[in-house]
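Each chain gets a letter, A, B and so on, in the order its sequence line appears, and its residues count up from 1. Bear in mind the structure is a predicted one, so any value in this text is a computation, not a measurement.
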Amino acid sequence: MAGNAKKKHLRLNSVSAGTEAVIHVVLGLFSLCCIIPFIFVIIISFSAESSIRSIGYSFVPLQWSTESFGYAFQKLPQIWRSYFNSILITVIGTVLSTLMCALYSYTLYRPDFKFRGFFNFLSFFTMIFGGGLVPAYIVCKQLLGLNENYAALIVPLLVNPFNIIIMRTFFKSSVPLELIEAATIDGSGEYNTLFRVVAPIAKPGVAAINEAAKMPTQSLRMVLVVLIVVPIACAYLQQLHGGLPRRRQLPVLLPVLRFRLRDRLLQRPSH
Amino acid sequence: MSRKVQPKNEQAVSLRYKFSKYKKTLVLLTMAAPTAIWLLLLRYLPMGGIVLAFKDYKINPRNPSFINNLLTSKWVGLNNFKFLFMTDDAKIMFRNTLGYNIVFIILGIIIPVTFAILLNEVTKKFVAKTYQTLMFFPYFLSWVVVSYFLNAFIDGQYGMLTNLQEGVTSYYTNPGPWPFIIVFANLWKNVGYTTVLYLSAITGIDSGQYEAAAIDGASKWQQIWHVTIPNLRSMICILFIMNVGKIFNADFGLFYSVPMNSGALYPVTQVIDTYVYRALMVTGDIAKSSAAGLLQNVLGFICILTANTIVKKIDEDSSMF
């Protein structure tokens with residue numbers, strides 16, 4: 001009976017068929033808009049160079065071919081290298097930054113930590129004020145030696161104060177303080193408490209601060225396609241650009257290829 | 001009881017207690033240390049570099065280390081800033097940065113909130129999930145890759161749109177359409193992500209609120225206006241404060257990679273970030289680019305405080321600090 005009434009209300013609550021059609025048109029058009037460039041670039045990667053030279057990039061090339069993949073195969077060591085680099089940098093960077101973020105925000109969450117206020121301010125202030133790009137660049141390059149090495153691609157992005165705040169809020173809302181007190185009384189050390197008691201509860205929070213966890217899981221397979229086909233297609237596009245200035249002929253397979261701190265520094269996260 | 005009988009033992013216990021308290025603080029300090037050191041080195045140390053903006057940075061020929069250069073350079077007060085404002089560059093880059101960001105903030109709230117509400121109304125959940133996934137796609141691309149995607153459409157020689165239109169030579173030398181291209185590219189890349197953020201907030205709303213509204217005879221529009229929007233308010237506010245705080249910071253990749261760093265487009269694509277980069281990397285003008293960077297940070301600081309104060313006045317709970 002109650003279920004029936006609920007069903008009726010839900011029906012009452014849904015929009016009319018006409019409105020829903022409009023919704024589908026709006027959302028469908030935007031979704032198409034989002035996906036068409038991907039399809040286009042993939043089509044380009046399967047079109048023959050002669051077709052591109054005569055009619056330009058087109059959804060229906062005069063001739064199909066897999067020569068761009070042959071080109072990619074020629075450049076296999078380079079492509080493999082760039083995948084290796086980006087995976088290495090992503091894995092090390094994610095592990096380190098998650099660990100650092102969790103440790104730091106855990107101390108901010110502990111109300112009995114003496115310097116909580118100080119550390120809280122230390123991270124928060126950097127969110128609203130900074131020294132600017134130039135001094136940061138000079139400090140990284142000349143004082144810390146972050147130049148032309150892997151560390152230059154990992155270290156400058158290790159800490160994100162916004163994630164610290166998210167993580168601390170998550171600890172506050174999901175980990176009861178009594179749990180920590182109980183663990184301490186049972187003789188558990190601080191690190192033991194964090195990794196054995198708090199971490200299992202806080203897993204969703206850790207996932208939340210990592211970008212990859214935010215995407216819908218069903219799209220994972222498509223993302224793999226994007227990871228493999230799109231770079232190859234872009235490399236092909238780039239190869240066709242004989243006459244472009246030299247700067248742009250840097251490998252664009254994956255942006256991380258460029259071993260320059262400045263590029264990494266400037267590619268700030270968009271949130 | 002122990003105080004009278006065993007005062008010595010009591011002291012020992014309190015000492016041990018004190019010691020354990022110090023130990024705890026110390027252990028917690030080691031936890032905070034890595035991030036704290038990182039913040040000090042990579043965020044606070046560069047703040048000292050602000051002095052660069054007030055100096056005439058010259059390389060010292062006898063000992064050209066950075067610190068030595070800095071110490072021996074002359075103080076010039078606000079000259080770097082004056083120089084910055086005397087040129088037309090300043091006017092253009094401030095106009096562009098502010099203009100684009102205002103458009104991004106307004107559209108970046110309206111469109112994702114609308115899409116999230118619409119997505120929530122789609123009855124077939126599978127279809128809604130598909131839309132969501134498709135919209136999310138561009139978010140994973142870096143701006144460099146986006147620039148090549150765009151290039152496939154508007155390349156001067158092979159671009160599809162260029163070939164379709166008669167008489168169009170190159171998009172990369174004609175600033176006219178670029179404000180629209182920039183705005184569109186930004187929305188294209190980011191709307192999906194923000195929509196999913198808002199949608200997760202909408203799905204978190206207690207359905208009892210909608211049922212109560214429906215029983216009271218609220219139409220769909222009224223439900224959206226009086227239930228959905230108020231529930232999204234705190235999230236809109238936080239994103240708004242953060243974006244207003246960054247109103248003087250432009251997305252470097254968008255303004256540098258997407259127009260392919262084309263000089264003819266500087267009037268519509270030059271923003272503070274690209275200016276600082278070019279001043280530093282092309283002309284090597286460290287002092288002037290620090291001055292521009294400092295100005296950007298100070299203005300951003302003022303903006304974030306103002307936005308927060310305004311939000312606090314409107315809705316106490318939604319403010320960030």
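- For A:Phe113, the parts lying under 4.5 angstrom from a heavy atom of chain B are both the backbone and the side chain.
- There is no side-chain donor-acceptor pair under 3.5 Å between B:Thr228 and B:Gln223.
- If you check the side chains of B:Asn151 and B:Tyr172, you find a donor sitting under 3.5 Å from an acceptor.
- Proximity to chain A (any heavy atom under 4.5 Å) is shown, for B:Val27, by both the backbone and the side chain.
- Qualifying ring pair (Phe, Tyr, Trp, His ring centres under 6.0 Å) partners for B:Phe301, counting only residues two or more places apart in sequence or in other chains: A:Phe129.
- Of the two parts of A:Ile55, only the backbone, made up of N, CA, C and O, holds a non-hydrogen atom closer than 4.5 Å to a non-hydrogen atom of chain B.
- Chain B forms more heavy-atom pairs under 4.5 Å with one residue of A:Leu32, A:Leu99, A:Val139 than with any other, namely A:Val139.
- Listed options B:Leu294, B:Leu52, B:Val122, B:Ile50 were ranked by heavy-atom pairs under 4.5 angstrom with chain A; first place goes to B:Val122.
- Annotation: B:Phe115 is not in aromatic contact with B:Tyr131 [ring centroid separation under 6.0 Å not met].
- Using the six-membered ring where Trp is involved, B:Tyr44 and A:Phe125 have ring planes that are parallel, under 30° apart on the 30 and 60° scheme.
- Contacts between A:Ile138 and chain B at a heavy-atom distance below 4.5 Å involve the side chain alone, from C-beta outward.
- Using modelled atom types, one finds no donor on one side chain facing an acceptor on the other under 3.5 Å when comparing B:Asn190 with B:Thr194.
- Both the backbone and the side chain of A:Val155 have a heavy atom closer than 4.5 Å to some heavy atom of chain B.
- At a 4.5 Å heavy-atom cutoff, A:Thr184 makes no contact with chain B through either its backbone or its side chain.
- For chain B, the nearby parts of A:Tyr191 are the backbone and the side chain; heavy atoms of each come within less than 4.5 Å.
- Taking the side-chain contact (heavy atoms from CB on, under 4.5 Å) definition, one finds that B:Lys24 meets it with A:Arg110, A:Asp112, A:Glu190, B:Leu28, sequence neighbours left out.
- Both the backbone and the side chain of B:Leu119 come within less than 4.5 Å of a heavy atom of chain A.
- Using a 4.5 Å cut-off between heavy atoms, A:Leu108 makes no contact with chain B at all.
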